[in-house]
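A quick write-up on the structure given underneath.
Every chain is numbered from 1 and lettered A, B, ... according to where its sequence line falls, protein lines coming before strand lines.
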Amino acid sequence: MGVRTDQKAATREKVLEAARDLFNEVGYEETTIRAIAERAGVSVGSVFTTFASKAEVLSHVMSHRLTALYAELDRVTPFLRGSTADKLCSIFAIHYEFECRRVKLFLAHIAASYNPANDPGVTPYGRNPRLNQMLLDVLEEGVRKGDVRSDLDLPLVVDTLKAAYAWNYRMTAAAGGDLEAAQMSAAMDRQISIIAEGWKPR
Amino acid sequence: MSFVSVNMESGAETPVKLTRRALAKQRTRERVLAAARRLFTERGYEGATIRDIAQAAGMSTGAVFASFADKSELFEEILTADYEVIYAQMTQASRTAKTIDEALLGLFAVAYGFHVEQLPLLRASIAVSWTRSEAAERRARNDLKHIFRLIAEALQRGVDQGQLKKDVDAKLLAEISWDVYVANYRRAVYDGWSVDALLARLSDQLKVIFAGARA
């Protein structure tokens, strides 16, 4: 890599880190591109040569984080034991644990996905295929093992689980971001068990 | 009711004769609300400032602040007005239904029908709901409480009529039903789903949620 590309990558890294912290500490709407540049120690212009908009910065901050989350999950999932419901509970618990480390950032990400001005450089919350696939894999394994009814519409179940998962973050939003991840996992566990009640083979 | 809905004709005649001063004040509020509704729809919550709203209403920023404490109060008043409009219809749809599925689909159909028509405003309201202040959160919960009471009633009727098991966790079932109902708006936002498509999906989701609860 040339010096120029090196420099560009370093700027990018610094900007993403500064933005991540500011969005979480100060809030997404409250943070300006200028504040991000200042915290990152780069010029405002160089932020704009790397990202088209603040929404794009947020999008990249989040996908950057997801890489770390899924590395963690890839390591852990092969070792998950217990029923299909147990495994799903663990996967969601890991998600809650992870997002609660910077929960205001995550809430901003969900909020931004409803904002009218979404540009094409942005991958909004909820459009990440990894979680979908992971949940489908677990359910399919459950079907193979006879733990889950075989006539179930699995993508529909995934859809329902994801809705419950996302909306449990309302609990922490309502508490101003001050809530233990365990409280959301506990709610999710109950929701999973109620849905699991319906997928038992009969 | 402490306000007048701006996009609906107020059916009943005004019960109390207002003084000219009070009448003028009410007109100002209505003008501000109408302008605010338009701007929130066009620009989202963050994109519309009080200054823009005042300008669109043809008055000074100070005049807006004489009627509303801040932007969030203004926004909430619009949402509450809408909510009061659909709540009566949701109640009716739910109470005239014969089964639990009909009741839930009926009441959510009212909401989908209303909100999909004004999707930009709904998007703004959901976006705000994730990051609003604790006071605003408490006020919003108050509106939601009524809807959850409707759902709880429908579930109780389902139990009484032997459609659902006696020991169902009604609160939890209501919560998950609400979660999928709201989450489905993303399909309208991103994939352009119609009200019918949303309802068809919701119907399937409710089957998944209630499968273990049926008597």
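Enclosure of atom NZ in A/Lys104 is not indicated, since only 12 or fewer non-hydrogen atoms of other residues, nucleotides or ligands lie within 6.0 angstrom. The environment of CZ in B/Arg51 is sparse: at most 12 heavy-atom neighbours from other residues, nucleotides or ligands sit within 6.0 Å. The environment of CG in A/Asp178 is sparse: at most 12 heavy-atom neighbours from other residues, nucleotides or ligands sit within 6.0 Å.
Here B/Ile126 contributes atom CD1 and A/Ile110 contributes atom CD1; the two are 11.0 Å apart, rounded to the nearest 0.5 Å. Here the CZ atom belonging to A/Phe106 is positioned 7.5 Å from the CH2 atom belonging to B/Trp130, to the nearest 0.5 angstrom. With rounding to the nearest 0.5 angstrom, the CD1 atom of B/Ile209 is 9.5 Å from the CD atom of A/Gln191. Summarising the geometry, atom CG belonging to A/Asn168 is positioned 9.0 Å from atom CD1 belonging to B/Ile176; distances are rounded to the nearest 0.5 Å. To the nearest 0.5 Å, atoms CG (B/Leu172) and OG (A/Ser193) are separated by 7.0 Å.
When side chains are defined from C-beta on, B/Arg201 counts as touching A/Leu156, because their heavy atoms get closer than 4.5 Å. Here the side chains of A/Ser113 and B/Tyr190 are in contact, with some heavy-atom distance below 4.5 Å.
Of the atoms belonging to A/Glu29, it is side-chain heavy atoms, and not backbone ones, that fall under 4.5 Å from chain B. Contact annotation for A/Ala164: both backbone and side-chain heavy atoms come within less than 4.5 Å of a heavy atom of chain B. Using a 4.5 Å cut-off between heavy atoms, A/Tyr169 contacts chain B through both its backbone and its side chain. Proximity to chain A (any heavy atom under 4.5 Å) is shown, for B/Ser125, by neither the backbone nor the side chain. For B/Leu173, the parts sitting under 4.5 Å from any heavy atom of chain A are the backbone and the side chain alike.
Residues B/Glu134 and A/Ala174 approach most closely at CG-O, 4.0 Å, considering heavy atoms.
In summary, B/Glu137 and A/Arg170 engage in a salt bridge, as defined by a charged side-chain N under 4.0 Å from a carboxylate O.
Annotation: maximal heavy-atom pairing with chain B below 4.5 Å, among A/Trp167, A/Tyr28, A/Trp199, occurs at A/Trp167. Of the listed residues (B/Val168, B/Val182, B/Asn184, B/Val128), the greatest number of heavy-atom pairs within a distance under 4.5 Å of chain A belongs to B/Val182. Top candidate by heavy-atom pairs under 4.5 Å with chain A, chosen from B/Ala127, B/Ala140, B/Ser133, is B/Ala127.
Remark: side-chain polar atoms of B/Arg186 are paired, donor with acceptor, to backbone N or O of A/Tyr125 under 3.5 angstrom.
The one candidate from A/Asp153, A/Thr160, A/Asp159 that meets the side chain to side chain donor-acceptor pair (under 3.5 Å) condition with B/Gln205 is A/Asp159.
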